[in-house]
Peer 1: 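Below you will find the structure I want to go over with you.
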Amino acid sequence: MTTRQPGTGEFEIIRRFFAPLAADAPGAFGLTDDAARLEVPPGHSLVVTSDALVAGIHFLATDTAADVAAKALRVNLSDLASMGARPMAYTLALALTRETGVEWLEAFAASLAADQRRFGITLIGGDTVATPGPLTLCICAFGCVASGTELRRSGARPGDAVFVTGTIGDAALGLIALQKGLAGVDAADHQALAQRYRRPTPRTACGPRLVGLAHAAIDVSDGLLADLGHICETSGTAAVIESARVPLSAAARAALAAGAGGWRDILGGGDDYELLFAAPLDAEPALAGIAQALDVPITRIGRVVERTSAADPDRLVGVIDAAGRPMVLESTGYRHF
Ligand code: ADP
Ligand code: MG
């Protein structure tokens with residue numbers, strides 16, 4: 001690759017910034033081999049996911065290296081969690097621009113190191129190339145789950161309840177906060193919402209605990225309605241959400257009260273990286289136990305219902321207000337194409 005500064009060529013970057021992140025994985029061979037080896041515990045299957053992030057699209061050009069690293073890793077961890085898998089290892093493909101200096105790489109690697117400790121995952125390989133831009137990175141994460149028990153999108157049944165972890169809408173409101181501000185919302189709430197956009201909290205501990213309880217699961221990346229729509233599509237069902245039950249943070253409630261954000265942002269916006277799942281109603285006590293043990297709110301927000309006709313795939317999820325009246329919300333999630 002093109003040398004940006006003396007001592008920062010491809011191999012120097014790998015040795016200096018990334019090999020330390022692979023030190024705890026014997027199968028990574030110190031990033032000095034052509035590929036890594038990964039052991040899966042007996043009776044388990046490997047669960048694999050990959051997410052690419054492009055500067056200007058998935059993160060803002062003004063985001064710090066630490067935020068970019070955390071987001072790139074966490075969105076992958078969220079995918080593993082939604083499958084009920086425990087994180088094991090990840091690879092990192094980086095297309096760096098000439099402007100990406102040593103300081104950026106240092107902060108990027110330090111942030112990955114912190115998240116590796118927090119979420120119990122280790123770097124095992126990757127690729128480092130140069131690009132005229134924009135800065136692009138792709139993480140591939142590997143997790144494991146007892147064979148045949150992974151959570152899928154396809155198992156929801158009419159009569160199931162719909163649950164969600166954490167709070168919904170913060171990331172979408174946080175993006176608005178960062179892009180144009182939320183009029184009438186104070187600085188602390190602005191900050192709290194922006195932080196939820198920049199640093200999602202993947203539910204890595206919760207996901208595996210849902211195995212055997214949830215019939216279907218997904219993580220909220222495109223937006224609550226769109227992602228519940230994905231569950232309904234693959235499960236052959238429809239669903240109804242009660243807006244009054246959707247868990248909102250204090251900051252999101254403030255934005256809603258100020259009229260700076262609406263239900264369309266909260267239910268239609270993406271990037272929350274909470275777990276959304278369908279489970280039978282009688283799983284509720286077990287779920288309450290998990291919520292308490294992990295200190296992660298789990299809230300019942302609606303129900304899975306029979307799909308009546310050859311329903312429009314964009315209209316599989318209905319929303320009703322506190323009085324039971326249907327709410328009309330146009331946006332149903334971010335689409336790349
Ligand atoms: P190859 O030429 O076979 O693609 P490389 O020379 O690109 O191999 O990589 C050498 C080693 O460094 C490999 O083990 C690879 O997985 C690792 N590596 C390269 N880039 C990264 C990166 N950004 N993060 C982690 N490991 C990396
Ligand atoms: Mg290579």
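Indexing begins at 1, ligand by ligand and atom by atom, following the structure's order. Here the structure is a predicted model, which means the values were calculated and not measured.
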Peer 1: Do any N/O atoms on L92 end up under 3.5 angstrom from N/O atoms on ligand 1?
Peer 2: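 Checking ligand 1 against L92, an N or O pair does fall under 3.5 Å apart.
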Peer 1: Would you call the rings of F163 and F277 parallel, tilted or perpendicular if under 30° counts as parallel and over 60° as perpendicular?
Peer 2: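 Taking F277 first and then F163, their aromatic rings lie parallel (interplane angle under 30°).
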Peer 1: Can you check which of D127, T32, D34, V129 brings a heavy atom nearest to atom 21 (C) of ligand 1?
Peer 2: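 Closest candidate by heavy-atom distance is D127.
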Peer 1: Is it the case that ligand 1 has an N or O less than 3.5 angstrom from some N or O of D33?
Peer 2: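 Looking only at distances, the answer is yes, because the N/O contact criterion of under 3.5 Å is met.
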Peer 1: Short list, please: which atoms of ligand 1 are under 4.0 Å from a heavy atom of I14?
Peer 2: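 Near I14, meaning under 4.0 Å from one of its heavy atoms, ligand 1 has 12 (O), 18 (N), 19 (C), 20 (N).
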Peer 1: Relative to the heavy atoms of E10, which atoms of ligand 1 are at a distance of less than 4.0 Å?
Peer 2: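 Reading through ligand 1 atom by atom, the close ones are 6 (O), 7 (O).
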Peer 1: For F18, take its heavy atoms, then give the atoms of ligand 1 lying under 4.0 Å from any of them.
Peer 2: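 Answer, ordered by atom number: 22 (C), 23 (N), 24 (N), 25 (C).
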Peer 1: Between T165 and E274, do the side chains contain an N or O donor and an N or O acceptor separated by less than 3.5 Å?
Peer 2: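 Short answer, yes.
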Peer 1: Give yes or no for whether the N/O distance cutoff of 3.5 Å, strictly under, is met between A35 and ligand 1.
Peer 2: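 No - when backbone and side-chain N and O of A35 are compared with those of ligand 1, no distance drops under 3.5 Å.
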Peer 1: Ignoring hydrogens and angles, state whether a donor on the side chain of S235 or S154 is under 3.5 Å from an acceptor on the partner side chain.
Peer 2: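 Result is no, nothing qualifies.
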Peer 1: Could you pull out every donor-acceptor pair under 3.5 Å between side chains of residues 30-40 and any protein atom, sequence neighbours left out?
Peer 2:
residue	atom	partner	partner atom	Å
T32	OG1	F29	O	2.6
R37	NE	E39	OE2	2.8
R37	NH2	E39	OE2	3.3

Peer 1: Is it true that R74 and D115 make a salt bridge, defined as a side-chain N closer than 4.0 Å to a carboxylate O?
Peer 2: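 Salt bridge present between R74 and D115.
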Peer 1: Go through ligand 1 atom by atom and flag the ones less than 4.0 Å from a non-hydrogen atom of T128.
Peer 2: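 Within the 4.0 Å cut-off of T128, ligand 1 contributes 19 (C), 20 (N), 21 (C), 22 (C), 23 (N).
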Peer 1: Of all the heavy atoms in F29, does at least one lie under 4.0 Å from an atom in ligand 1?
Peer 2: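 No, F29 has no heavy atoms under 4.0 Å from ligand 1.
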Peer 1: Should one rank G126, A36, A19 by closest heavy-atom distance to atom 16 (O) of ligand 1, which comes out on top?
Peer 2: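 Selected option, by shortest heavy-atom distance: G126.
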Peer 1: Do D170 and S249 get their side chains close enough for a donor-acceptor pair, meaning under 3.5 Å?
Peer 2: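 On atom types as modelled, these side chains qualify, holding a pair under 3.5 Å.
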Peer 1: With side-chain contact (heavy atoms from CB on, under 4.5 Å) as the test, pick out the partner of L182 among D265, D189, I176.
Peer 2: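 Answer after filtering D265, D189, I176: I176.
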